[in-house]
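What you see is a predicted model; the values in this text were computed from it and never measured. These numbers come from the heavy atoms of this one structure, side chains and all, not from hydrogens, waters or symmetry mates. Both ligands and their constituent atoms are indexed starting at 1 by order of listing.
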Amino acid sequence: MRPTRVRTAALAAATALLAGLAVTPAAHASTDQHRAGSTLAQLAERTGRYFGSAVDNPELSDTSYADLLGKEFDATTPGNGMKWYATEPQRGVFDFTAGDEIVDYAKSKGLKVRGHTLLWHQQLPSWLTSGTWTADELRSILKNHITQVVRHYKGKVFAWDVANEIMNEDGTYRENIFYKTIGPSYIADALRWAHAADPKVKLYLNDYNVEAIGPKSDAYYTLIKQLKADHVPINGFGMQAHLALQYGFPDRLRQNIRRFADLGVDVAITELDIRMVLPSDATKLAQQADWYGKVTDACLNVKRCVGITVWGYSDKHSWIPSVFPGEGAALPWDENLAHKPAYGAIHDALASAAKED
Ligand code: 9MR
């Protein structure tokens, strides 16, 4: 009886491992040891990509968190520090304190920085949202904001999310203040102004719920194709990838990444997290690990998918519980900064691609 039981267990463990799933704590320990040799960033770099994590300013004083971020990742995105409310709190008065703090931290740890974001419908200062503007006035406000912020971070960020979340789910333009006042031309102009202020920085459009092929990603596909045809400077498309186990994995993610790459732009996974309805359990964590592995594989499969950023790396600091009550556990590290099965799945996906390169 005994040998059979052992064999069965070993077989189950091997099958689960092959599927990228977590098995027993003992299996974790040995595989984690095996993975200790290289960080996610080191493996990603061997495939010509980066692996980043967002960070919000208050998190920098959590030293164990900030230290681990600096060791495991080679890129970071400020969670809030470069948004309009922070950078231009009064009209024409710029404050780069929060963004600079993250740039300085990143420099000290050898991380590169993704700029986020030049325009968005959220986190705008009240002087902007409560004012009444003509199209010309708002165009000049937008031009000045973009010019000053991009100029300040010239050479310090490698990419900018120029326009964030500008489409509705049905593929129509979101009626943000810029669209309502100026019309859709604000998008091409924003890209042109950013390019004029820093001709080398990579310029992105960025959104959520665009990982699957559907009306929203189709709208970006059409827009980027047109921008390219019009010779507007556009270098990349950011798929945020705020996924949730209860809504299913985005259909044809890999094909979707590929079709944007085929338009001649880079693609980046910019804000990855995979939440679940709490409490978490072994089954949900295994499914989450499988999805993290699948997202990583999908990016690795397309040469122009240049990097992956998780939106914070641990459940200790995550935007999710406050926005989706009863949901969370979305990141590859837990509240105690210990690896979850998702970490192993990402590591394994990167390691096998790194081997092939
Ligand atoms: O992580 C950010 C959180 O701290 C802010 O409170 C929130 C405000 O809406 O924005 C979060 O980041 C968002 C990002 O800028 C754009 N995509 C969605 C992210 C999660 O809301």
field: Crowding at NZ, Lys109 (>12 non-hydrogen neighbours, <6.0 Å)
entry: yes
query: Does a salt bridge link Asp104 with Lys156, judged by any charged N lying under 4.0 Å from a carboxylate O?
result: no
message: Within the 4.0 Å heavy-atom shell around Asn164, which atoms of ligand 1 are there?
response: 16 (C)
- request: With sequence neighbours left out, write down each residue that passes side-chain hydrogen bond (donor to acceptor under 3.5 Å, both in side chains) with Tyr186, or none if nothing qualifies.
  value: Asn176
Nearest neighbour in protein (non-hydrogen) for atom 18 (C) of ligand 1: Glu271 OE1, 3.2 Å
task: Report, in ascending order of atom number, the atoms of ligand 1 lying under 4.0 Å from any heavy atom of Gln122.
output: 8 (C), 9 (O)
task: Between Val323 and ligand 1, find which residue part has any heavy-atom pair under 4.0 Å and reply side chain, backbone, both or neither.
output: neither
- prompt: Could an N or O of ligand 1 be found under 3.5 Å from any N or O of Glu165, whether backbone or side chain?
  reply: yes
The one among His121, Lys83, Gln123 that brings a heavy atom closest to atom 15 (O) of ligand 1: Lys83
message: So that I can tick it off, tell me whether Lys216 and Asp207 are bridged by a salt bridge, with the cut-off set at under 4.0 angstrom between side-chain N and carboxylate O.
response: yes
Which segment of Trp120 sits under 4.0 Å of ligand 1 when only heavy atoms are counted: side chain
- line: In this structure, atom 1 (O) of ligand 1 is nearest to the protein heavy atom Trp311 NE1, 2.9 Å
field: Face-on cation placement of Arg114 at Tyr50 ring, 6.0 Å and 45° thresholds
entry: no
field: Proximity to ligand 1 by part of Asn80, non-hydrogen separation under 4.0 Å
entry: side chain
message: Just verifying a value: how many Å separate Asp290 CG and Asp297 CG, rounded to the nearest 0.5 Å?
response: 9.5 Å
field: Ion pair Arg192/Asp189, N-O distance below 4.0 Å
entry: yes
